[in-house]
Amino acid sequence: MLQSQAALAKKSAGRAALVKTAAPSTSLKNAWCPQYFPFSGRHNETSSNGSMDISNYDEDEDDDRVTLDEASLLNKLIRKSLVESSHNVEILQRDPRSPLFSVKTFEELHLKPELLNGVYAMGFNRPSKIQETALPMILADPPENLIAQSQSGTGKTAAFVLAMLSRVNPKERFPQCLCVAPTYELALQIGRVVEKMGQFCDNIKVTYAVRGNRLVRGSVVEEQIVIGTPGSLLDWCFKLKFMDVRKIKVFVLDEADVLMSKQNFSDQSVRIQRALSEDCQMLLFSATFEEPVLQFAKRIVPDPNIIKLRREELTLDNIRQYYFQCENIEDKYRALCNIYGSITIGQAMIFCQTRKNASWLYWSLTKDGHQVSLLSGELSVENRANVIQNFRDGKDKVLISTNVCARGIDVKQVTIVVNFSLPTRGLHHADFETYLHRIGRTGRFGKKGIAFNMVEKQNLPLLFSIQEHFKIVIKRLDPEDIEALENTED
Ligand SMILES: Nc1ncnc2c1ncn2[C@@H]1O[C@H](COP(=O)(O)OP(=O)(O)OP(=O)(O)O)[C@@H](O)[C@H]1O
């Protein structure tokens with residue numbers, strides 16, 4: 001995956017052309033090359049010899065949460081395939097009397113042959129669940145507006161990229177599709193899909209309105225597809241007048257929920273949308289659909305069809321849960337070492353609440369001769385993707401993680417989870433959602449699993465509140481009682 005990131009930077013050099021034979025555009029003179037910037041320059045607090053002062057160890061300090069856009073990018077980097085869903089798509093049609101089409105094959109969409117080839121070259125055999133309904137709406141003539149919500153990985157990007165590529169007239173050398181993304185990196189990810197799916201489309205070009213891609217004043221953008229972040233797009237459209245917004249045929253807002261989490265982005269997007277022509281098709285996508293996102297979506301997309309795909313529910317039903325009562329962090333460590341033999345039978349994830357805590361545990365286990373890997377927010381998103389990939393490939397058996405890994409990332413083969421610290425919100429409240437995300441499985445991947453919780457005496461009320469919240473029993477185990485421990489493996 002990381003290799004393809006590098007390929008992206010290389011392939012997208014200059015203003016990425018889908019055709020190698022295209023006459024150099026004015027913009028190529030700028031030789032702007034999109035680079036992949038890791039997010040984080042944060043430092044590891046552990047010294048090079050691995051020792052770490054845990055005297056001021058504090059469970060609640062330095063909680064390692066990630067922003068929505070980081071999580072979204074990480075998901076994209078590690079995703080290899082479609083996230084399937086067992087739910088049906090819910091549809092709210094703009095005109096309930098008009099017939100509703102759904103397709104089971106890409107052929108039924110009557111795509112241009114070069115585009116169909118591109119779809120097959122991506123390895124897509126049939127439309128995903130959301131694409132079955134979204135694609136006929138998106139490709140309808142006259143075009144229809146759409147708001148679509150489904151969890152990450154269900155095929156939204158592929159759907160709107162297909163729409164953009166099929167609506168472009170390659171003979172016309174001006175922007176015809178505008179796609180708004182929340183960050184530079186996410187914009188490049190979309191561009192990568194455009195390049196791949198459009199690899200057989202002659203004379204269609206894509207460019208990026210993002211920080212770092214500065215055009216000379218007076219330039220005129222000739223690429224038909226422009227992907228960018230709201231601020232830069234606003235400048236390109238109005239301040240610098242590089243393009244004529246009135247000529248845009250398709251306007252896409254991707255990851256609306258992430259866009260909304262960023263200051264000014266919703267207003268900037270609305271300002272662009274207001275300048276579009278009346279017959280411009282508007283498409284908005286989001287992984288979540290809380291009320292403010294829906295309100296924003298309705299504000300920006302007039303007369304929309306709305307489709308939603310419910311996410312698979314997480315459940316604790318198949319998970320046997322245990323706890324060890326411990327005195328302090330050293331005691332927790334001893335308990336962990338006692339069960340280490342059992343947890344390494346399968347693949348295990350050990351969760352800590354803080355980065356400091358995770359580093360300490362990583363170095364302690366490493367010093368004691370155990371092979372473990374570490375995933376935490378101080379790594380760049382690229383490095384995180386690497387660590388997850390090695391773990392998925394089975395190269396590493398035990399992964400220590402902070403919350404960065406708890407969400408959305410589905411490592412299906414994990415059968416054992418250790419909460420080295422219980423997830424908390426503030427000082428005294430258990431974080432039920434994070435507990436569920438760390439341990440829960442979707443019903444369909446209902447493999448059996450085991451969860452061990454290491455709990456200091458003063459934190460027992462947190463454990464009890466988790467039991468009460470989920471109406472479950474978490475059984476106490478004695479870390480010295482080998483027999484009881486072995487029975488957990490039955
Ligand atoms: N019809 C399909 N058949 C097989 N794979 C597909 C299909 N559509 C998309 N995919 C693949 O599934 C993965 C997820 O698709 P995509 O990125 O379009 O989902 P998404 O809903 O946009 O996710 P995100 O919100 O994270 O961007 C990608 O690897 C993509 O190549």
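When reading the values below, keep in mind they use all heavy atoms of this one structure, side chains included, and skip hydrogens, waters and symmetry mates. Counting from 1, the numbers follow the sequence of the chain as shown.
- Side-chain atoms of D431 do not come within 3.5 Å of backbone N or O of P423 as any donor-acceptor pair.
- Interatomic distance, CG of L375 versus CD1 of I350, reported as 12.5 Å (0.5 Å rounding).
- Residues L361 and N357 are not in side-chain contact: their nearest non-hydrogen atoms beyond the backbone lie 4.5 Å or more apart.
- In this structure, R425 pairs ionically with E433, as a charged nitrogen and a carboxylate oxygen lie closer than 4.0 Å.
- Residue L178 comes nearest to C237 through the heavy atom pair CD2-SG, 4.5 Å, listed as atom of the first residue, atom of the second, then distance.
- T402 and Q353 form no side-chain donor-acceptor contact under 3.5 Å, judged by distance and modelled atom types alone.
- In this structure, S380 contributes its side chain and N383 its backbone to a donor-acceptor pair below 3.5 Å.
- Between M260 and P292 the shortest side-chain heavy-atom distance falls below 4.5 Å.
- Partners of R310 by side chain to side chain donor-acceptor pair (under 3.5 Å), not counting sequence neighbours: none found.
- A donor-acceptor pair is defined here as one N or O able to donate and one able to accept, closer than 3.5 Å; such a pair exists between the side chain of N328 and the backbone of E330.
- Closest heavy-atom contact between S373 and L399: OG-CD1, 3.2 Å.
- Partners of D331 according to the salt bridge (charged side-chain N to carboxylate O under 4.0 Å, His left out) rule, which considers only residues two or more places apart in sequence or in another chain, are R334.
- A salt bridge between K156 and E255 is absent, with no side-chain N of the basic residue lying under 4.0 Å from a carboxylate O of the acidic one.
- Between S269 and P230, the shortest heavy-atom contact is OG-CG, 4.0 Å.
- Here A159 pairs with Q131, L135, I138 under the side chain to side chain contact (heavy atoms under 4.5 Å, CB included) rule; sequence neighbours left out.
- No side-chain heavy atom of T434 sits under 4.5 Å from any side-chain heavy atom of F351.
- Every residue two or more places apart in sequence or in another chain was checked for a side chain to side chain donor-acceptor pair (under 3.5 Å) with N390, and none qualifies.
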_Test side chain to side chain donor-acceptor pair (under 3.5 Å) applied to E382 and N386, step by step_ = CA-CA 6 Å; E382 255 186 329; N386 237 344; over 6 Å; no
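- Around atom CD of Q458, more than 12 heavy atoms belonging to other residues, nucleotides or ligands sit under 6.0 Å away.
- For the pair K129 and E90, the salt-bridge criterion is not met [side-chain N within less than 4.0 Å of a carboxylate O].
- When side chains are defined from C-beta on, V455 does not count as touching L462, because their heavy atoms never get closer than 4.5 Å.
- Taken from CH2 in W363 to CD1 in I400, the straight-line distance is 11.0 Å, to the nearest 0.5 Å.
- Sequence neighbours left out, the pairs with a member in residues 288-302 that pass side-chain hydrogen bond (donor to acceptor under 3.5 Å, both in side chains) are D257-T288, E291-Q295.
- Distance CD/Q273 to CD1/I300: 5.0 Å, rounded to 0.5 Å.
- Between F452 and F324, a ring centre-to-centre spacing shorter than 6.0 Å is recorded.
- For Y333, the ring-ring contact (aromatic ring centres under 6.0 Å, His included) partners at least two apart in sequence or on another chain are W360.
- Looking at heavy atoms from C-beta onward, L259 lies in side-chain contact with L253 at the 4.5 angstrom threshold.
- Remark: F285 pairs with F160 by the ring-ring contact (aromatic ring centres under 6.0 Å, His included) rule, at least two apart or across chains.
- Applying the side chain to side chain contact (heavy atoms under 4.5 Å, CB included) criterion to K475, with sequence neighbours excluded, gives Y322.
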*Take V161 and V252 through the side chain to side chain contact (heavy atoms under 4.5 Å, CB included) test and state the conclusion after the steps.*
CA-CA 9 Å; V161 166; V252 180; over 6 Å; no
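- A side-chain donor-acceptor contact under 3.5 Å links T154 to the backbone of Q151.
- The shortest non-hydrogen separation linking I339 to M454 is CD1-CE, 3.9 Å.
- Residues meeting the side chain to side chain donor-acceptor pair (under 3.5 Å) test with Y435, sequence neighbours left out: Q321, N453.
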*Apply side chain to side chain contact (heavy atoms under 4.5 Å, CB included) to Y323 and I466, showing your working.*
CA-CA 12 Å; Y323 77 95; I466 290 173; over 6 Å; no
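- In this structure, OH on Y184 lies 8.5 Å from CG on N213, to the nearest 0.5 angstrom.
- Under the 4.5 Å side-chain criterion, counting only non-hydrogen atoms from C-beta, V194 is in contact with I227.
- Separation of atoms CD (E456) and SG (C326) is listed at 7.5 Å; rounding is to 0.5 Å.
- In this structure, CD on E132 lies 10.0 Å from CG on L309, to the nearest 0.5 angstrom.
- L284 approaches V301 most closely through the heavy-atom pair CB-CG2, 3.8 Å.
- For F432, the ring-ring contact (aromatic ring centres under 6.0 Å, His included) criterion is met by H469, not counting sequence neighbours.
- Partners of N305 according to the side chain to side chain donor-acceptor pair (under 3.5 Å) rule, which considers only residues two or more places apart in sequence or in another chain, are E144.
- Remark: the backbone N or O of A287 is paired with a side-chain donor or acceptor of Q149 at under 3.5 angstrom.
- For Y340, the ring-ring contact (aromatic ring centres under 6.0 Å, His included) test picks out H370, with sequence neighbours left out.
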*In sequence, state the C-alpha distance, the side-chain angles, and the governing distance for I307 and M137, and then conclude on side chain to side chain contact (heavy atoms under 4.5 Å, CB included).*
CA-CA 10 Å; I307 58 180; M137 280 179 182; 4.1 Å; yes
*What's the verdict on side chain to side chain contact (heavy atoms under 4.5 Å, CB included) for L165 and I225, showing C-alpha distance, side-chain angles and the deciding distance?*
CA-CA 8 Å; L165 286 167; I225 299 177; 3.9 Å; yes
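- Closest non-hydrogen pair, Y208 versus R192, comes out as OH-N, 4.2 Å.
- Distance alone, capped at 3.5 Å, is enough to place a donor-acceptor pair between the K332 side chain and the F420 backbone.
- For CD of Q467, the number of neighbouring non-hydrogen atoms (other residues, nucleotides, ligands) closer than 6.0 Å is greater than 12.
- Residues I190 and L186 have side chains not in contact (no heavy-atom distance under 4.5 Å, counting atoms from C-beta outward).
- The closest side-chain heavy-atom distance from C177 to V226 is not below 4.5 Å.
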